[in-house]
Amino acid sequence: MAEAPNELLEFPKRDKRRLLHAVYRVGDLDRTIKFYTECFGMKLLRKRDIPEEKYANAFLGFGPEESHFVVELTYNYGVTEYDIGTGFGHFAIATPDVYKMVEDIRAKGGVITREPGPVKGGKTVIAFVKDPDGYLFEILERPTTPEPLCQVMLRVGDLERSIKFYEKALGMKVVKKVDRPEQKYSIAMMGYAPEEETIVLELTYNYGVSEYTKGNAYAQVAISTDDVYKSAEVVNLVTQELGGKITRQPGPIPGINTKITSFLDPDGWKTVLVDNQDFLKELEKNE
(Lines give C-alpha, C1' and ligand atoms only; values in the text may rest on other atoms or scores of the structure.)
Protein backbone atom coordinates (compact mmCIF):
# COMPACT_ATOMS: atom_id res chain seq x y z
CA MET A 1 0.00 0.00 0.00
CA ALA A 2 1.39 3.43 -0.94
CA GLU A 3 2.15 5.76 1.95
CA ALA A 4 -0.05 8.81 2.50
CA PRO A 5 1.58 11.96 1.05
CA ASN A 6 2.02 13.55 4.50
CA GLU A 7 3.76 10.47 5.90
CA LEU A 8 5.96 10.23 2.81
CA LEU A 9 7.07 13.86 3.23
CA GLU A 10 8.28 13.08 6.76
CA PHE A 11 10.81 10.54 5.40
CA PRO A 12 13.57 12.98 4.28
CA LYS A 13 13.60 14.54 7.77
CA ARG A 14 14.23 11.13 9.38
CA ASP A 15 16.56 9.84 6.67
CA LYS A 16 20.33 9.68 7.17
CA ARG A 17 21.46 12.34 4.70
CA ARG A 18 24.73 14.08 3.96
CA LEU A 19 26.06 16.06 1.02
CA LEU A 20 28.74 13.75 -0.47
CA HIS A 21 30.31 15.53 -3.42
CA ALA A 22 29.92 18.03 -6.26
CA VAL A 23 30.57 16.77 -9.79
CA TYR A 24 31.93 19.02 -12.53
CA ARG A 25 33.95 18.83 -15.72
CA VAL A 26 37.51 20.03 -16.27
CA GLY A 27 39.70 20.34 -19.37
CA ASP A 28 42.91 18.88 -17.92
CA LEU A 29 42.67 16.58 -14.90
CA ASP A 30 46.33 16.73 -13.85
CA ARG A 31 46.42 20.53 -14.11
CA THR A 32 43.39 20.85 -11.79
CA ILE A 33 44.71 18.25 -9.33
CA LYS A 34 47.99 20.16 -9.13
CA PHE A 35 46.16 23.48 -8.55
CA TYR A 36 43.81 22.10 -5.87
CA THR A 37 46.51 20.24 -3.96
CA GLU A 38 49.16 23.00 -4.15
CA CYS A 39 46.99 26.13 -3.90
CA PHE A 40 44.04 24.96 -1.80
CA GLY A 41 45.73 22.22 0.24
CA MET A 42 43.26 19.52 -0.83
CA LYS A 43 44.26 15.86 -0.92
CA LEU A 44 43.83 13.59 -3.94
CA LEU A 45 41.60 10.85 -2.49
CA ARG A 46 41.12 8.59 -5.51
CA LYS A 47 41.43 8.61 -9.27
CA ARG A 48 39.98 6.33 -11.92
CA ASP A 49 40.32 6.08 -15.67
CA ILE A 50 37.51 4.50 -17.73
CA PRO A 51 39.06 4.28 -21.25
CA GLU A 52 36.13 2.32 -22.71
CA GLU A 53 33.82 5.23 -21.78
CA LYS A 54 36.51 7.82 -22.69
CA TYR A 55 36.58 9.63 -19.36
CA ALA A 56 38.54 9.84 -16.11
CA ASN A 57 37.59 11.01 -12.59
CA ALA A 58 39.47 12.37 -9.61
CA PHE A 59 38.09 12.90 -6.11
CA LEU A 60 39.70 15.61 -3.96
CA GLY A 61 38.91 17.09 -0.57
CA PHE A 62 40.13 17.98 2.90
CA GLY A 63 39.37 14.62 4.51
CA PRO A 64 38.11 11.09 3.78
CA GLU A 65 34.97 10.70 1.68
CA GLU A 66 33.28 8.73 4.47
CA SER A 67 33.01 11.94 6.50
CA HIS A 68 33.83 14.93 4.25
CA PHE A 69 32.30 16.71 1.29
CA VAL A 70 34.61 16.39 -1.74
CA VAL A 71 34.81 17.42 -5.39
CA GLU A 72 34.55 14.86 -8.17
CA LEU A 73 36.33 16.14 -11.27
CA THR A 74 35.44 14.61 -14.61
CA TYR A 75 37.72 14.73 -17.62
CA ASN A 76 36.17 13.68 -20.95
CA TYR A 77 38.83 12.58 -23.41
CA GLY A 78 39.68 15.33 -25.89
CA VAL A 79 37.47 18.04 -24.35
CA THR A 80 39.66 20.89 -23.12
CA GLU A 81 37.10 23.56 -22.22
CA TYR A 82 33.54 23.98 -21.02
CA ASP A 83 30.94 26.71 -20.68
CA ILE A 84 30.28 27.41 -17.00
CA GLY A 85 27.08 29.36 -17.79
CA THR A 86 25.50 32.15 -15.74
CA GLY A 87 23.70 30.01 -13.15
CA PHE A 88 26.61 28.37 -11.35
CA GLY A 89 28.14 30.73 -8.78
CA HIS A 90 31.08 29.36 -6.81
CA PHE A 91 32.46 26.84 -4.35
CA ALA A 92 33.81 28.06 -1.00
CA ILE A 93 36.76 27.11 1.19
CA ALA A 94 36.97 28.20 4.83
CA THR A 95 40.35 29.06 6.35
CA PRO A 96 41.49 30.86 9.52
CA ASP A 97 43.71 33.26 7.50
CA VAL A 98 42.34 34.42 4.13
CA TYR A 99 45.22 36.85 3.53
CA LYS A 100 47.86 34.12 3.92
CA MET A 101 46.01 31.61 1.75
CA VAL A 102 45.52 34.17 -1.02
CA GLU A 103 49.22 35.12 -0.96
CA ASP A 104 50.13 31.42 -1.25
CA ILE A 105 47.74 31.02 -4.20
CA ARG A 106 49.11 34.15 -5.88
CA ALA A 107 52.70 32.93 -5.44
CA LYS A 108 51.74 29.71 -7.23
CA GLY A 109 50.24 31.58 -10.18
CA GLY A 110 46.57 31.54 -9.13
CA VAL A 111 44.21 34.26 -10.39
CA ILE A 112 42.70 36.44 -7.63
CA THR A 113 39.44 37.99 -8.82
CA ARG A 114 38.64 39.76 -5.52
CA GLU A 115 41.38 40.80 -3.13
CA PRO A 116 40.96 39.78 0.54
CA GLY A 117 38.95 42.18 2.68
CA PRO A 118 35.75 42.41 4.73
CA VAL A 119 32.50 41.51 2.99
CA LYS A 120 30.40 44.56 2.05
CA GLY A 121 28.37 45.61 5.09
CA GLY A 122 30.04 43.02 7.39
CA LYS A 123 33.25 41.91 9.09
CA THR A 124 33.98 38.49 7.62
CA VAL A 125 37.07 38.57 5.43
CA ILE A 126 36.60 36.98 2.01
CA ALA A 127 38.41 36.75 -1.32
CA PHE A 128 37.69 35.11 -4.68
CA VAL A 129 40.05 32.94 -6.69
CA LYS A 130 39.59 31.47 -10.18
CA ASP A 131 40.78 27.92 -10.90
CA PRO A 132 42.37 26.93 -14.26
CA ASP A 133 38.95 26.12 -15.81
CA GLY A 134 37.36 29.37 -14.65
CA TYR A 135 35.43 28.00 -11.63
CA LEU A 136 35.28 30.57 -8.84
CA PHE A 137 36.22 29.70 -5.27
CA GLU A 138 35.31 32.01 -2.42
CA ILE A 139 37.94 31.91 0.32
CA LEU A 140 36.24 32.83 3.58
CA GLU A 141 37.46 33.40 7.09
CA ARG A 142 36.40 30.87 9.71
CA PRO A 143 38.45 30.13 12.88
CA THR A 144 38.24 26.33 12.70
CA THR A 145 35.85 24.05 10.90
CA PRO A 146 35.42 20.30 10.46
CA GLU A 147 34.45 20.98 6.82
CA PRO A 148 36.70 23.47 4.96
CA LEU A 149 34.96 22.81 1.62
CA CYS A 150 31.84 24.57 2.79
CA GLN A 151 29.58 25.96 0.01
CA VAL A 152 28.19 25.31 -3.44
CA MET A 153 26.52 28.49 -4.71
CA LEU A 154 23.80 28.19 -7.36
CA ARG A 155 21.56 30.95 -8.70
CA VAL A 156 17.79 30.38 -8.69
CA GLY A 157 14.81 32.18 -10.23
CA ASP A 158 12.45 32.05 -7.23
CA LEU A 159 14.05 31.73 -3.79
CA GLU A 160 10.89 30.81 -1.85
CA ARG A 161 10.08 28.05 -4.36
CA SER A 162 13.64 26.70 -4.11
CA ILE A 163 13.60 26.76 -0.29
CA LYS A 164 10.33 24.82 -0.26
CA PHE A 165 11.71 22.33 -2.79
CA TYR A 166 14.93 21.59 -0.88
CA GLU A 167 13.08 21.40 2.45
CA LYS A 168 10.40 19.03 1.17
CA ALA A 169 12.28 16.95 -1.43
CA LEU A 170 15.59 16.68 0.42
CA GLY A 171 14.81 17.37 4.08
CA MET A 172 17.23 20.30 4.23
CA LYS A 173 16.87 23.21 6.64
CA VAL A 174 17.40 26.91 6.01
CA VAL A 175 20.47 27.49 8.17
CA LYS A 176 20.77 31.17 7.22
CA LYS A 177 18.84 33.66 5.11
CA VAL A 178 20.02 37.11 4.07
CA ASP A 179 18.24 39.78 2.03
CA ARG A 180 20.33 42.63 0.63
CA PRO A 181 17.88 45.02 -1.05
CA GLU A 182 20.59 47.64 -1.61
CA GLN A 183 22.50 45.09 -3.74
CA LYS A 184 19.30 43.58 -5.13
CA TYR A 185 19.82 39.97 -4.08
CA SER A 186 18.76 37.43 -1.43
CA ILE A 187 20.43 34.20 -0.35
CA ALA A 188 19.37 31.09 1.53
CA MET A 189 21.92 28.66 2.95
CA MET A 190 20.41 25.15 2.89
CA GLY A 191 21.93 22.17 4.66
CA TYR A 192 21.72 19.40 7.25
CA ALA A 193 23.59 21.17 10.09
CA PRO A 194 24.72 24.71 11.02
CA GLU A 195 26.86 26.27 8.27
CA GLU A 196 29.99 26.49 10.47
CA GLU A 197 29.97 22.69 10.80
CA THR A 198 29.12 21.44 7.35
CA ILE A 199 28.72 22.04 3.63
CA VAL A 200 25.71 24.11 2.53
CA LEU A 201 24.01 24.90 -0.74
CA GLU A 202 23.94 28.67 -1.10
CA LEU A 203 20.91 29.52 -3.24
CA THR A 204 21.07 33.06 -4.62
CA TYR A 205 18.19 35.05 -6.05
CA ASN A 206 19.03 38.23 -7.98
CA TYR A 207 16.03 40.57 -8.05
CA GLY A 208 14.11 40.29 -11.29
CA VAL A 209 16.21 37.46 -12.80
CA SER A 210 14.17 34.29 -13.26
CA GLU A 211 16.38 32.24 -15.61
CA TYR A 212 20.06 31.43 -16.06
CA THR A 213 22.11 29.43 -18.53
CA LYS A 214 23.41 26.13 -17.17
CA GLY A 215 26.38 25.70 -19.52
CA ASN A 216 27.93 22.22 -19.67
CA ALA A 217 30.64 22.44 -16.97
CA TYR A 218 29.00 22.02 -13.54
CA ALA A 219 27.02 18.78 -13.29
CA GLN A 220 25.45 18.02 -9.89
CA VAL A 221 25.69 17.39 -6.17
CA ALA A 222 25.31 13.92 -4.64
CA ILE A 223 23.50 13.29 -1.35
CA SER A 224 23.32 10.06 0.66
CA THR A 225 20.08 8.32 1.63
CA ASP A 226 19.07 5.07 3.34
CA ASP A 227 16.39 4.39 0.70
CA VAL A 228 16.64 5.65 -2.89
CA TYR A 229 13.22 4.17 -3.76
CA LYS A 230 11.36 6.03 -1.02
CA SER A 231 13.45 9.17 -1.73
CA ALA A 232 12.36 9.07 -5.37
CA GLU A 233 8.70 8.76 -4.32
CA VAL A 234 9.11 11.90 -2.20
CA VAL A 235 10.82 13.82 -5.02
CA ASN A 236 8.12 12.73 -7.45
CA LEU A 237 5.44 14.08 -5.11
CA VAL A 238 7.26 17.39 -4.57
CA THR A 239 7.92 17.97 -8.29
CA GLN A 240 4.17 17.74 -8.94
CA GLU A 241 3.69 20.72 -6.61
CA LEU A 242 6.81 22.82 -7.26
CA GLY A 243 8.30 21.72 -10.59
CA GLY A 244 11.44 19.79 -11.47
CA LYS A 245 11.55 16.15 -12.60
CA ILE A 246 13.10 12.75 -11.95
CA THR A 247 15.79 12.09 -14.56
CA ARG A 248 16.77 8.60 -13.44
CA GLN A 249 14.40 6.16 -11.77
CA PRO A 250 15.78 4.54 -8.60
CA GLY A 251 17.88 1.41 -9.04
CA PRO A 252 21.44 0.08 -9.27
CA ILE A 253 24.03 1.49 -11.71
CA PRO A 254 24.99 -1.30 -14.15
CA GLY A 255 28.47 -2.65 -13.41
CA ILE A 256 28.86 -0.83 -10.08
CA ASN A 257 25.56 -1.90 -8.43
CA THR A 258 25.35 1.28 -6.34
CA LYS A 259 21.68 2.26 -6.09
CA ILE A 260 20.92 5.84 -7.12
CA THR A 261 18.15 8.10 -8.32
CA SER A 262 18.55 11.56 -9.85
CA PHE A 263 16.35 14.57 -10.45
CA LEU A 264 16.29 18.22 -11.50
CA ASP A 265 15.02 20.96 -9.18
CA PRO A 266 12.60 23.64 -10.50
CA ASP A 267 15.57 25.62 -11.93
CA GLY A 268 17.09 22.57 -13.63
CA TRP A 269 19.89 21.96 -11.08
CA LYS A 270 20.64 18.26 -10.77
CA THR A 271 20.93 16.17 -7.59
CA VAL A 272 21.83 12.48 -7.35
CA LEU A 273 20.72 10.51 -4.31
CA VAL A 274 23.05 7.62 -3.45
CA ASP A 275 22.38 4.61 -1.21
CA ASN A 276 24.41 4.98 2.02
CA GLN A 277 25.53 1.36 2.31
CA ASP A 278 26.35 1.05 -1.40
CA PHE A 279 28.41 4.25 -1.26
CA LEU A 280 30.50 2.93 1.65
CA LYS A 281 30.99 -0.41 -0.14
CA GLU A 282 32.18 1.47 -3.23
CA LEU A 283 34.76 3.33 -1.11
CA GLU A 284 35.96 0.06 0.47
CA LYS A 285 36.54 -1.41 -3.00
CA ASN A 286 38.79 1.54 -3.82
CA GLU A 287 40.97 1.18 -0.73
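- The residues Lys47 and Asp30 are annotated as salt-bridged, a charged nitrogen and a carboxylate oxygen being separated by less than 4.0 angstrom.
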Verdict with supporting geometry, Leu140 and Ile93, side chain to side chain contact (heavy atoms under 4.5 Å, CB included): CA-CA 6 Å; Leu140 60 91; Ile93 294 171; over 6 Å; no
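- Ser262 places no side-chain N or O within donor-acceptor distance of the main-chain N or O of Thr271, the cut-off being under 3.5 Å.
- With respect to Lys100 and Asp104, a salt bridge is recorded, a charged nitrogen being found less than 4.0 Å from a carboxylate O.
- Aromatic pair Phe128/His90: ring centres closer than 6.0 Å.
- Under the 4.0 Å criterion applied to side-chain N and carboxylate O atoms, Glu10 and Lys168 are not assigned as salt-bridge partners.
- With respect to Arg25 and Glu81, no salt bridge is recorded, no charged nitrogen being found less than 4.0 Å from a carboxylate O.
- Contact between Gly134 and Lys130 at its shortest, heavy atoms only, is CA-CG, 3.6 Å.
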Test log, rule side chain to side chain contact (heavy atoms under 4.5 Å, CB included), inputs Val129 and Leu136: CA-CA 6 Å; Val129 173; Leu136 280 178; over 6 Å; no
Step-by-step side chain to side chain donor-acceptor pair (under 3.5 Å) determination, Ser67 to Arg18: CA-CA 9 Å; Ser67 53; Arg18 182 172 77 79; over 6 Å; no
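- Scanning for ring-ring contact (aromatic ring centres under 6.0 Å, His included) contacts around Phe40 gives Phe35, Tyr36, Phe137, with sequence neighbours left out.
- There is no side-chain donor-acceptor pair under 3.5 Å between Thr258 and Asp278.
- The pair Asp227-Lys259 does not meet the salt-bridge criterion, since no charged nitrogen lies less than 4.0 angstrom from a carboxylate oxygen.
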Audit row: Phe263, Trp269, side chain to side chain contact (heavy atoms under 4.5 Å, CB included) steps and yes/no: CA-CA 8 Å; Phe263 62 90; Trp269 295 116; over 6 Å; no
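- Salt-bridge annotation for Arg106 and Glu115: present, with a side-chain N of the basic residue lying under 4.0 Å from a carboxylate O of the acidic one.
- Remark: the backbone N or O of Val79 is not paired with any side-chain donor or acceptor of Asn76 at under 3.5 angstrom.
- Under a 4.0 Å N-O distance rule, the pair Arg46/Glu284 does not qualify as a salt bridge.
- The number of heavy-atom neighbours closer than 6.0 Å to NZ of Lys108, taken from other residues, nucleotides and ligands shown, is above 12.
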Side chain to side chain contact (heavy atoms under 4.5 Å, CB included) assessment of Glu197 paired with Glu147: CA-CA 6 Å; Glu197 296 169 18; Glu147 186 55 277; over 6 Å; no
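- Remark: side-chain polar atoms of Asp133 are paired, donor with acceptor, to backbone N or O of Gly27 under 3.5 angstrom.
- Asp267 and Arg155 are not joined by a salt bridge, as no carboxylate oxygen comes within less than 4.0 angstrom of a charged side-chain nitrogen.
- Qualifying ring-ring contact (aromatic ring centres under 6.0 Å, His included) partners for Phe88, counting only residues two or more places apart in sequence or in other chains: Phe91, Tyr135, Tyr218.
- For Gln183, the CD atom counts as densely surrounded, since its 6.0 Å shell holds more than 12 non-hydrogen atoms of other residues, nucleotides or ligands.
- Partner of Leu60 under the side chain to side chain contact (heavy atoms under 4.5 Å, CB included) criterion, out of Leu73, Leu149, Thr32: Leu73 alone.
- What you find for Phe69 and Leu19 is that their closest heavy atoms are CD1-O, 3.4 Å.
- Judged purely by distance below 3.5 Å, without hydrogens or angles, the side chains of Asp49 and Tyr75 never pair a donor atom with an acceptor atom.
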Verdict with reasoning, Asp265 to Lys270, per salt bridge (charged side-chain N to carboxylate O under 4.0 Å, His left out): CA-CA 6 Å; Asp265 78 357; Lys270 187 177 174 186; over 6 Å; no
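- Using modelled atom types, one finds no donor on one side chain facing an acceptor on the other under 3.5 Å when comparing Asn216 with Asp83.
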Steps toward salt bridge (charged side-chain N to carboxylate O under 4.0 Å, His left out) verdict (Arg142, Glu195): CA-CA 11 Å; Arg142 204 168 270 176; Glu195 64 164 335; 3.7 Å; yes
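- Salt bridge status for Lys164 with Glu167: absent, with no side-chain N to carboxylate O gap under 4.0 Å.
- Taking the ring axis of Phe11 as reference, the NZ or CZ atom of Lys230 stays within 45° of it and closer than 6.0 Å to the ring centre.
- Around the CD atom of Glu103, the shell of radius 6.0 Å holds more than 12 heavy atoms that belong to other residues, nucleotides or ligands.
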